[in-house]
Amino acid sequence: MADKKNVSVNKAYVEFVSEISPKTNEIRSLVDAFFVGGGICVIGQFLRYMLQFLFGLDGDELAGSVSMILIFLSALLTGVGVYDRIGKYAGGGSIVPITGFANSVVAPAMEFKSEGFIYGLAAKMFVIAGPIIVFGVVSSVAVGLIYYFVGLL
């Protein structure tokens with residue numbers, strides 16, 4: 001008896017949630033994400049061509065310069081509140097790796113800046129991105145040590 005009552009309550013709850021939930025158009029969301037993500041990549045490629053043409057950058061200098069500019073622009077747009085609006089519109093399209101990662105570092109820092117520099121800004125900056133950074137640093141040290149000791153043999 002109790003199981004039938006729980007099933008009917010769960011069914012009623014699912015129906016209620018589906019009634020009040022906003023309806024989404026999946027095709028439209030996918031198209032928006034595709035074009036915004038592609039637009040971010042086009043901006044990166046444009047920066048690459050311009051830095052190569054104007055300053056003669058090549059190789060690692062070119063890749064590093066484009067990455068730094070994209071990180072700066074993403075952090076700046078997050079700071080002024082534009083990147084959040086882009087994210088609401090584009091969804092996953094705004095999480096293109098480097099710009100999305102910069103946004104994930106800056107957004108928590110902006111949220112907790114009222115708690116002060118150390119406890120708010122500096123500590124909360126890596127709430128989302130921290131595990132990724134720690135894993136990257138630890139794994140790169142491990143690989144570096146392996147290469148070092150293999151080179152000694």
Side-chain angles (χ1 to χ4, degrees), residues 6 10 13-14 17-18 20-153:
N6 287 341
N10 288 341
Y13 177 73
V14 169
V17 168
S18 66
I20 64 168
S21 296
K23 306 299 181 234
T24 59
N25 184 347
E26 288 85 11
I27 302 286
R28 170 76 186 210
S29 296
L30 289 172
V31 169
D32 292 345
F34 176 79
F35 281 109
V36 170
I40 292 171
C41 293
V42 166
I43 291 169
Q45 193 65 40
F46 174 77
L47 290 170
R48 182 179 171 87
Y49 286 144
M50 287 295 106
L51 290 173
Q52 192 172 17
F53 177 74
L54 294 174
F55 300 109
L57 295 179
D58 199 10
D60 289 341
E61 293 87 11
L62 180 60
S65 298
V66 171
S67 296
M68 287 188 309
I69 292 170
L70 287 174
I71 289 169
F72 172 76
L73 290 175
S74 176
L76 179 69
L77 292 175
T78 300
V80 296
V82 173
Y83 205 89
D84 292 336
R85 283 188 252 148
I86 293 170
K88 283 183 183 179
Y89 174 76
S94 65
I95 310 175
V96 174
I98 199 159
T99 56
F101 189 74
N103 175 262
S104 72
V105 171
V106 174
M110 295 293 297
E111 185 177 336
F112 293 101
K113 68 182 178 183
S114 63
E115 295 179 22
F117 183 74
I118 300 296
Y119 292 115
L121 186 66
K124 299 296 183 181
M125 183 182 302
F126 299 108
V127 167
I128 296 172
I132 297 167
I133 294 170
V134 170
F135 177 76
V137 170
V138 169
S139 62
S140 65
V141 167
V143 169
L145 288 173
I146 291 169
Y147 278 130
Y148 176 75
F149 288 121
V150 167
L152 289 178
L153 298 176

Query - Partner residues of Tyr49 under the side chain to side chain contact (heavy atoms under 4.5 Å, CB included) criterion, sequence neighbours left out - result: Gln45, Gln52
**Report entry** Residues forming a side chain to side chain contact (heavy atoms under 4.5 Å, CB included) with Phe46, sequence neighbours excluded
**Finding:** Met50
Report summary line: For Gly44 and Leu70 the tightest heavy-atom approach is CA-CD1, 4.1 Å
Requested in this report: Evaluate whether atom CD1 of Ile27 has more than 12 neighbouring non-hydrogen atoms of other residues, nucleotides or ligands under 6.0 angstrom away.
Outcome: no
Query raised in the report: When you look at CG of Asn25, are more than 12 heavy atoms from neighbouring residues, nucleotides or ligands closer to it than 6.0 Å?
Result: yes
Quiz: residues 133-151 side-chain donor-acceptor pairs under 3.5 angstrom, not counting sequence neighbours:
unit_1	atom_1	unit_2	atom_2	d
Ser139	OG	Phe135	O	2.8
Ser139	OG	Gly136	O	3.2
Ser140	OG	Gly136	O	3.1
Ser140	OG	Val137	O	2.8

Query raised in the report: Do any pairs count as a salt bridge (Lys or Arg N to Asp or Glu O under 4.0 Å) and have a residue in residues 28-48, sequence neighbours left out, and if so which ones?
Result: Arg28-Asp32
In residues 77-86, what donor-acceptor pairs under 3.5 Å come from side-chain atoms, sequence neighbours left out?
unit_1	atom_1	unit_2	atom_2	d
Thr78	OG1	Ser74	O	2.8
Thr78	OG1	Asn103	ND2	2.8
Tyr83	OH	Ser94	O	2.4
Tyr83	OH	Thr99	OG1	3.1

Query raised in the report: Can you list the residues that meet the side chain to side chain contact (heavy atoms under 4.5 Å, CB included) rule with Ser65, with sequence neighbours excluded?
Result: Leu51, Leu57
Query raised in the report: side chain to side chain contact (heavy atoms under 4.5 Å, CB included) with Leu76: which residues, sequence neighbours excluded?
Result: Phe72
Query raised in the report: Given Ile71, which of Ile98, Val105, Val106 fulfils the side chain to side chain contact (heavy atoms under 4.5 Å, CB included) condition?
Result: Ile98
